[in-house]
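Read through the structure below, which is laid out as structure tokens, and then see the notes.
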Amino acid sequence: MTVVTRFAPSPTGFLHIGGARTALFNWLFARRHGGRFLLRIEDTDRARSTDAARQAILDGLDWLGLEWDGAPVYQSARAERHAEVALALLDAGNAYRCYCSPEELAAMREAARKWGSGRLYDGTWRDRDPADAPEGAAPVLRLRAPLDGESVIDDAVQGRVTVHNDQLDDMVLLRADGTPTYMLSVVVDDHDMDVTHIVRGDDHLTNAFRQSLIYRAMGWAVPAFAHIPLIHGPDGAKLSKRHGALGVEAYRDMGFPAEAVCNYLARLGWSHGDDEIFSMAQAAAWFDLANIGKSPARFDIARLTSLSAHYIRAMTDDRLAGMVEPLIAGRLASRLTDTQRTRLNAGLPGLKERAKSLVDLADSALFYCRSRPLEPDAKAAKLLDGAGKAKLALARETLAEVEGWTAESTEAAIRATADAAGEKLGKIAQPLRAALTGRTVSPGIFEVLGVLGKSESLGRIDDILEPTVV
RNA sequence: GACCCCAUCGUCUAGCCAGGUCAGGACGUCACCCUUUCAAGGUGAAGACACGGGUUCGAAUCCCGUUGGGGUCACCA
């Protein structure tokens with residue numbers, strides 16, 4: 001049997017982080033078993049579905065690298081098939097028409113709550129003669145659910161969960177206007193798409209019981225369920241769209257590499273022993289439903305950040321350059337010149353060691369691309385007081401003499417000068433850093449010297465020593 | 001309210017199913033080392049089995065209860 005999983009978002013908003021993890025788990029499970037991972041857009045709620053949201057979801061999956069197999073299935077296009085199944089259920093006596101008005105239904109719910117009953121619909125029309133139907137009332141179609149006994153689901157994550165059938169009422173299959181309800185659509189689509197494993201948030205756990213009733217009424221094989229715990233916010237409350245959950249694109253915009261987000265998400269609720277950092281290819285080789293935890297996890301941005309820093313450090317300079325260049329161009333409000341690009345590429349090794357995110361990296365790389373004269377920030381300016389300038393002048397004298405300008409040669413020269421002057425290296429290095437970068441924090445100063453080159457370096461120093469009044 | 005689920009360091013978790021570990025790791029925090037700044041790296045520290053009963057020679061592991069948290073209760077998905 002080929003494993004088939006699916007991710008079935010409704011396009012009513014961006015792909016939020018919880019949905020992304022659900023998609024990831026489905027993807028991982030399918031890959032692990034050499035199966036298929038399908039995408040179904042549940043757009044039957046025409047009023048709330050938007051094309052922008054649909055696109056955001058596709059883009060989000062794409063960014064994360066979660067490729068789905070085949071074309072996405074649009075649930076709205078399958079309404080006829082859903083109705084066909086509902087009618088088959090009716091013919092077989094497993095469904096019936098219900099003519100209750102919304103008012104009657106509301107009254108039933110109120111009564112059920114009052115009595116603490118789980119059965120919200122009392123079955124008024126279950127065995128009533130349709131001839132009794134009120135004039136002109138359009139009926140809904142309801143499933144004839146079992147009255148007693150219990151339903152059991154052997155969930156791959158939650159274990160065996162049992163619910164008494166008296167908790168499950170006769171759910172609506174077809175609305176009065178003939179359109180299918182979600183409960184029916186999901187079952188029909190999952191069946192028709194040959195889905196073997198349904199991996200989704202555990203907010204669907206109770207739905208699974210209702211859905212299993214439909215499968216059984218149709219005589220279809222019930223797929224395996226795996227209801228994964230939801231992700232909570234840092235405060236322990238449910239992380240939802242209205243509760244501070246962000247779309248994956250928000251994390252992309254914060255400068256987190258996709259592989260960091262995937263790694264983080266994979267590790268949230270799932271584990272493979274003590275392994276913390278691994279590629280999705282590795283995860284796909286390891287992935288197992290049994291190792292998904294049953295308790296909800298909190299979203300921890302510090303941990304994501306740490307993974308982000310790791311992946312940025314590990315990235316090749318070429319790839320990294322391609323990712324930060326647009327960010328730097330945005331800050332400069334212009335495309336990079338060849339010189340700027342050359343400096344950026346040469347400076348990347350030292351830069352990426354220190355960056356927490358791509359945004360961070362772009363900010364810290366900016367000084368390589370700025371044109372003279374630089375404007376030192378407040379802390380840097382402080383280092384460039386009278387004493388600082390004296391040290392800077394000393395450094396300039398030394399550097400002007402350096403032949404064969406490299407990080408190594410400039411370091412040797414400055415160290416020798418510092419020794420000769422009886423100064424600690426830091427006393428000279430900090431003003432130098434302030435002059436060359438406009439900051440107090442940067443990659444190693446000799447590396448900066450090497451990347452900038454002799455004339456740019458001396459020029460930046462001169463800008464401080466002999467400011468030209470414009 | 002009814003039904004269902006969950007419970008190990010601040011956070012993510014290993015260990016639980018097949019009782020015996022100084023309850024392990026990672027992130028974060030703190031200290032020290034390295035050091036031209038900041039990171040990275042290295043070393044070390046603090047830090048948890050929610051509570052109460054059982055069962056057992058022995059319980060984080062099995063059972064019951066309590067408390068706490070979460071989810072679901074539509075002609076939404």
Side-chain angles (χ1 to χ4, degrees), chain A residues 8-12 42-45 47-49 75 98 100 102 105-106 109 112-120 138-142 155 157-159 161-164 166-169 171-177 179-183 185-186 201-207 209 227 229-230 232 234 236-238 264 267-277 290-291 293-307 309-310 313 350-356 364 379 383 411 414-415 418 424-430 432-434 437 439-446:
Chain A
S10 56
T12 54
E42 308 212 319
D43 55 350
T44 49
D45 187 340
R48 290 198 303 152
S49 298
Q75 194 161 62
C98 163
C100 283
L105 258 16
R109 272 199 289 278
R113 294 253 164 117
K114 191 173 172 186
W115 292 100
S117 161
R119 195 173 269 268
L120 264 22
V140 300
L141 208 62
R142 285 182 184 275
D155 193 277
V157 170
Q158 305 291 336
V161 185
T162 305
V163 157
H164 286 94
D166 61 13
Q167 297 298 319
L168 278 17
D169 55 10
M171 74 195 107
V172 173
L173 265 16
L174 240 36
R175 300 188 188 98
D177 64 3
T179 58
T181 59
Y182 161 78
M183 218 56 84
S185 304
V186 192
D202 73 6
D203 48 342
H204 284 283
L205 183 59
T206 54
N207 287 339
F209 289 96
H227 287 94
L230 268 15
H232 288 187
K238 180 189 178 185
Y264 175 70
R267 199 61 192 66
L268 203 59
W270 174 74
S271 63
H272 182 267
D274 284 338
D275 294 303
E276 301 286 352
I277 294 176
N291 287 316
K294 295 167 98 172
S295 50
R298 296 188 191 201
F299 188 82
D300 179 14
I301 197 126
R303 204 177 166 77
L304 208 207
T305 303
S306 147
L307 248 8
H310 170 87
R313 255 178 272 134
L351 255 15
K352 71 180 181 185
E353 203 64 35
R354 296 162 168 77
K356 301 277 181 224
S364 66
K379 283 184 200 160
L383 282 174
E411 173 161 12
I414 293 288
R415 279 192 190 276
K424 293 194 71 172
L425 184 56
K427 288 291 177 191
I428 297 178
Q430 274 308 83
L432 200 48
R433 169 169 288 113
T437 71
R439 308 266 195 108
T440 54
V441 173
S442 82
I445 196 61
F446 303 113

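We name chains A, B, ... by the order of the sequence lines, and we start the count at 1 in each one. This is a predicted model, so every value here is computed, not measured.
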For [X], report the nucleic acid contact type (base, sugar-phosphate, nothing); a contact means any heavy atom under 4.0 Å.
X       : value
G269(A) : sugar-phosphate
N207(A) : base
Q75(A)  : sugar-phosphate
T44(A)  : sugar-phosphate
L205(A) : sugar-phosphate
V140(A) : base
E42(A)  : sugar-phosphate
K427(A) : nothing
S295(A) : sugar-phosphate
G426(A) : sugar-phosphate
L425(A) : base

Whole-Å distance separating the [atom1] atom of [X] from the [atom2] atom of [N]:
X       : N       : atom1 : atom2 : value
Y264(A) : rG28(B) : OH    : C1'   : 12 Å
Q158(A) : rG70(B) : CD    : C1'   : 11 Å
R313(A) : rC38(B) : CZ    : P     : 17 Å
H232(A) : rC5(B)  : NE2   : C1'   : 11 Å

4.5 Å side-chain heavy-atom contact, [X] and [Y]:
X       : Y       : result
R298(A) : R303(A) : no
P229(A) : S295(A) : no
L173(A) : M171(A) : yes

Nearest-angstrom distance, [atom1] atom, [N] to [M]:
N       : M       : atom1 : answer
rC22(B) : rA60(B) : P     : 12 Å
rC34(B) : rG42(B) : C1'   : 8 Å
rC38(B) : rC33(B) : P     : 13 Å
rG54(B) : rC9(B)  : P     : 25 Å
rG68(B) : rA50(B) : P     : 16 Å
rC16(B) : rU21(B) : C1'   : 13 Å
rC73(B) : rC30(B) : C1'   : 48 Å
rG1(B)  : rC12(B) : P     : 27 Å

Searching all strands shown, indicate the nucleotide that pairs with [N] (Watson-Crick or G-U wobble; both distances under 3.5 Å).
N       : value
rG1(B)  : rC73(B)
rA48(B) : none
rA59(B) : none
rC32(B) : rG42(B)

Is the Y182(A) ring parallel, tilted or perpendicular to the H204(A) ring (thresholds 30°, 60°)?
->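 Because their plane-to-plane angle lies in the 30° to 60° range, the rings of Y182(A) and H204(A) count as tilted.
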Which atom pair, heavy atoms only, marks the closest approach of P443(A) to L351(A)?
->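 Shortest heavy-atom separation between P443(A) and L351(A) comes out as CG-CD1, 3.2 Å.
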Between rG25(B), rG71(B), rA77(B), which one does the side chain of S10(A) approach most closely?
->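 Nucleotide nearest to S10(A)'s side chain: rA77(B).
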Examine the base of [N] for any acceptor or donor lying under 3.5 Å from a partner atom in the side chain of [X], and report the outcome as yes or no.
X       : N       : result
D274(A) : rG24(B) : yes
R433(A) : rU36(B) : yes
R48(A)  : rA77(B) : no

When you measure from the side-chain N and O atoms of [X] to the phosphate of [N], is any distance below 4.0 Å, counting only OP1 and OP2?
X       : N       : answer
T206(A) : rG71(B) : no
K294(A) : rG70(B) : no
R298(A) : rC27(B) : no

Want to settle it: does V163(A) or R354(A) sit nearer the 5' end of RNA chain B, counting the closest nucleotide to each?
->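 Whichever sits nearer the 5' end wins; that is V163(A).
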Residue closer to the 5' end of RNA chain B, R109(A) versus T181(A) (nearest nucleotide) =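 Result: R109(A).
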Do any N or O atoms from the side chain of T437(A) and from the backbone of R439(A) form a donor-acceptor pair under 3.5 angstrom?
->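 A pair under 3.5 Å: yes.
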Where the side chain of T12(A) meets the backbone of R48(A), is there a donor-acceptor pair that is under 3.5 Å apart?
->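 No.
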Say you draw a straight line from NE2 of H227(A) to CG of D203(A); how long is it, rounded to the nearest 0.5 Å?
->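 Reported value, rounded in 0.5 Å steps: 8.0 Å.
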